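Okay, so here's the structure we're looking at.
Note that this is a predicted model, so its numbers are computed, not measured.
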Amino acid sequence: MKRHVASLLAQALEAMREAGELPADLELPEVQVERARDRAHGDYAANTAMVLAKTARQKPRDLAETIRSRLPASPSIADVEIAGPGFLNFTLTAEARRESVRLALHQGADYGRSDVGAGHRVHIEFVSANPPGPLHVGHGRGAAFGDALASVLEAAGYQVHREYYVNDAGRQMDILATSLWLRYLEAAGETVPFPAKGYQGAYIVTHAGELLEADGRAHVRTAAELAAGLPAEDDDPEGYLDALVARARELLGETAYRRVLDFALEAILGDIRADLDAFGVRYHRYFSERELVEQGRIEQALERLDAAGYTYLADGALWFQASAFGDDKDRVLRRDNGLTTYFAADVAYHLDKIERGFDTLVNVWGADHHGYVPRVQAALKALGVDAERLDVRLVQFAILYRGGEKLPMSTRSGEFVTLRELRDEVGKDAARFFYVMRRSEQHMDFDLDLAKSESADNPVYYCQYAHARICSVFRQLEERGLACRAGVDEAALDRLDTEHEAIVLDLLGRYPEVIESAALSREPHQVAQYLRELAAAFHTYYNAVPFIIDDEPLRDARLTLVRATRQVLANGLELLGVDAPQSM
RNA sequence: CCGCCCGUAGCUCAGCCGGAUAGAGCGUCGGCCUCCGGAGCCGAAGGUCGCAGGUUCGAAUCCUGCCGGGCGGGCCA
């Protein structure tokens, strides 16, 4: 409907130009149509006349008058008024306003979907947490945001691919494998010292036990073999760790070592996958960095940069001329020890995404990675890719509060709340809704007590309750031996004439616009805000007007409206990964 | 020192590609169940939109400079 109004305006402007009421060479502005903020201003408002006033050298209100006279007739528009400094206020016909009910019920779960993104293939990468640790609440917001955004984009017609980038190459994997192996030795009865810089988590111990169960004592070596000739840990903990890794490799041999490493990675990834699954997040693919390395993709990427002429050697390292593309300084691709950097892998990864045919790349990153954005964009530019195609959404951290106290959030051992703990405490629905309620750029306070309270204060329950309440109305109807007899097309929707009904109708009609806007601006929080508004309008309506009444045509009309409301609530909650319960 | 994000009601936040009287929830105060679920509803009080300039017919919104908070600035990942 919004687009319909915009198209009417565009036609009017064209007609004016042809009639000589506007200079022929005048560049027509993009027509902006908004939902009127105040219901007294009709349904839609356009500021076209004011925007044009200056270049057309006419008074806004006069111009508005001309535009109005040139507007083509539309069966959906009842009235167009000129108000304020020169707004054109459009009022829909009652019939057009009721259309959303029919659409919502005919289209069902598809109501709100559009084709604005049709033809676009979007790659969205989110969470991508390092495997060695469990997911914590810092990743939760990225998970909730990324998944909701992906769903919103899908609803807007984009073809969306969800991906998790697994950093399964490099030193941290060796540390993981070695940590797990040491715990395995402990489980096998050996007394071995555990390095301070190893991965301390209890989950490593658990998986070590599983390895012992799966492979038996095949990988057992004695404590004496292990310790022989190792440097002292105190002097250089990191060096000690590297020596331990080397020793593990040496004692196990490449095949067994690889077995332990793969086992550790599989186990940890299994935990992550299970966590995300329980959080309602599914991926199309977990993309392995190691594969990138093993398939020579990193070397290829470096060659591409080299061929483009943006690399050079200095201080024994290979550098990328990032500063030529807006980054602060140049970046190392290959260290003087011959190993490629994480950045090199990321260049290869992004190049791979582009080569897979995605026209848009969305990266959801923690805000602490913001300094990393310019260099990745620089790399894309150097490779001849329009940097606009990469959209990095930075998600700020949420600060957790319990009992009015800030929870410690240090990543150091044990001092963080895991995503699993959060889910156990407040539930999947509350966690996901809270995370996407706010703009991602906004620092947010996450009040655990509020999130788990089963009260009106809790916005999640508020929205879910609206849905459950509608289900309850229909159960009640059935208990009384009644039914909503009229179909959508037969219902006497013209009987819906209260102000409360007008507000609900207005909101139902806005839903597709909200999805479109949320998709275009990549802001899923708009959906959460909308749902709370719709729930509020429904609760108000519910309290003010009885549905199950004797007047059958009116009853059916109201029940039809309420049923459409339920559909839209369910659709919106679905996008956010929040359940829409029948009862609570 | 440099860069990015944020600053809106007592609190948590919408509104930010310039538009009409700056909104919501919580909290506070006062009301509403013989009635479809009170996990709800109605009403009231509450604002120099961090500060100061600038652009504009018009600024919470755009620009500049300050102030305050957060986060970054490795041949770590």
Side-chain angles (χ1 to χ4, degrees), chain A residues 30 32 34 36-38 40-41 45 47 50-51 53-54 59-60 83-87 89 130 132 167 169-173 238 289 314-319 328-329 331-346 366-374 394-397 399 401 404 434 437-447 450 453-462 464-466 468-477 479-480 482 520-521 525-526 528-530 532-533 535-536 538-549 555 558-559 562 583-584:
Chain A
E30 195 182 330
Q32 293 173 42
E34 297 177 332
R37 233 191 300 166
D38 190 329
H41 297 143
N47 62 357
M50 290 180 288
V51 174
K54 193 167 194 179
K59 288 180 187 168
F87 285 101
N89 289 337
N130 285 335
N167 297 126
R171 183 171 178 260
Q172 60 172 356
M173 279 300 107
E238 296 291 349
E289 180 188 358
D315 304 324
L318 178 70
W319 295 72
D328 295 342
K329 48 184 111 170
R331 306 290 171 180
V332 171
L333 293 163
R334 194 198 310 279
R335 300 194 281 256
D336 56 8
N337 64 8
L339 296 176
T340 52
T341 58
Y342 177 85
F343 173 58
D346 232 21
D368 54 337
H369 286 72
H370 73 257
Y372 207 75
V373 179
L394 296 172
V395 176
Q396 295 288 338
F397 293 123
I399 301 166
Y401 286 84
F434 269 63
M437 214 165 41
R438 310 300 186 198
R439 277 167 64 223
S440 65
E441 303 91 332
Q442 181 71 251
H443 301 264
M444 71 173 278
D445 287 1
F446 193 128
D447 185 338
L450 177 61
S453 78
E454 299 189 355
S455 75
D457 313 354
N458 189 336
V460 191
Y461 283 90
Y462 188 75
Q464 291 183 315
Y465 180 48
R469 213 175 197 184
I470 295 171
C471 293
S472 173
V473 168
F474 283 94
R475 279 194 298 271
Q476 186 63 224
L477 192 70
E479 278 170 30
R480 296 190 192 181
L482 299 170
L520 292 175
S521 57
H525 78 272
Q526 291 183 19
Q529 298 288 338
Y530 166 85
R532 202 155 58 159
E533 235 183 294
F538 167 73
H539 286 308
T540 297
Y541 178 38
Y542 178 96
N543 270 70
V545 178
F547 307 152
I548 303 179
I549 49 176
R555 184 212 302 153
R558 287 178 176 166
L559 290 173
V562 161
S583 64
M584 305 173 63

All ring pair (Phe, Tyr, Trp, His ring centres under 6.0 Å) counterparts of Y541(A), not counting sequence neighbours: F547(A)
Give the B/S/- string for nucleotides 31-37 of chain B, one per nucleotide from 5' to 3', where a protein heavy atom under 4.0 Å of the base yields B, of only the sugar-phosphate yields S, and otherwise -. -----BB
When you look for runs of 3 or more Watson-Crick or G-U pairs in a row, both distances below 3.5 Å, which of them include RNA chain B? B:1-7 with B:67-73, B:10-13 with B:23-26, B:28-32 with B:40-44, B:50-54 with B:62-66
Pairing residues for R439(A) by the side-chain contact (heavy atoms from CB on, under 4.5 Å) criterion, not counting sequence neighbours: E441(A), Q442(A), H525(A)
Integer angstrom distance from the P of G15(B) to that of C62(B): 12 Å
Looking at residues at least two apart in the chain, or sitting in another chain, which of them share a side-chain hydrogen bond (donor to acceptor under 3.5 Å, both in side chains) with N89(A)? none
Can you sort out the partners of R475(A) under salt bridge (charged side-chain N to carboxylate O under 4.0 Å, His left out), two or more places apart, ordered by chain and number? none
For every nucleotide of nucleotides 4-13 of chain B, 5' to 3': is a protein heavy atom under 4.0 Å from its base (B), only from its sugar-phosphate (S), or from neither (-)? BBSS----BS
Quick one: list whatever passes ring pair (Phe, Tyr, Trp, His ring centres under 6.0 Å) with H41(A), sequence neighbours left out. none
My understanding is that only residues two or more places apart in sequence, or in another chain, count here; which of them pass side-chain contact (heavy atoms from CB on, under 4.5 Å) with D447(A)? D449(A), L450(A)
The criterion is ring pair (Phe, Tyr, Trp, His ring centres under 6.0 Å); which residues satisfy it with Y530(A), sequence neighbours excluded? Y511(A)
Just N and O in the side chain of K329(A): are any of them under 4.0 Å from OP1 or OP2 of G74(B)? yes
Quiz: residues 331-340 of chain A side-chain donor-acceptor pairs under 3.5 angstrom, not counting sequence neighbours:
| residue | atom | partner | partner atom | Å |
| --- | --- | --- | --- | --- |
| R331(A) | NE | D327(A) | OD2 | 2.9 |
| R331(A) | NH2 | D327(A) | OD1 | 3.3 |
| R331(A) | NH2 | D327(A) | OD2 | 3.4 |
| R334(A) | NH1 | E299(A) | OE2 | 3.3 |
| R334(A) | NH2 | E299(A) | OE1 | 3.2 |
| N337(A) | OD1 | L339(A) | N | 2.9 |

With sequence neighbours excluded, residues passing side-chain contact (heavy atoms from CB on, under 4.5 Å) with Y401(A): I399(A), K406(A), D445(A)
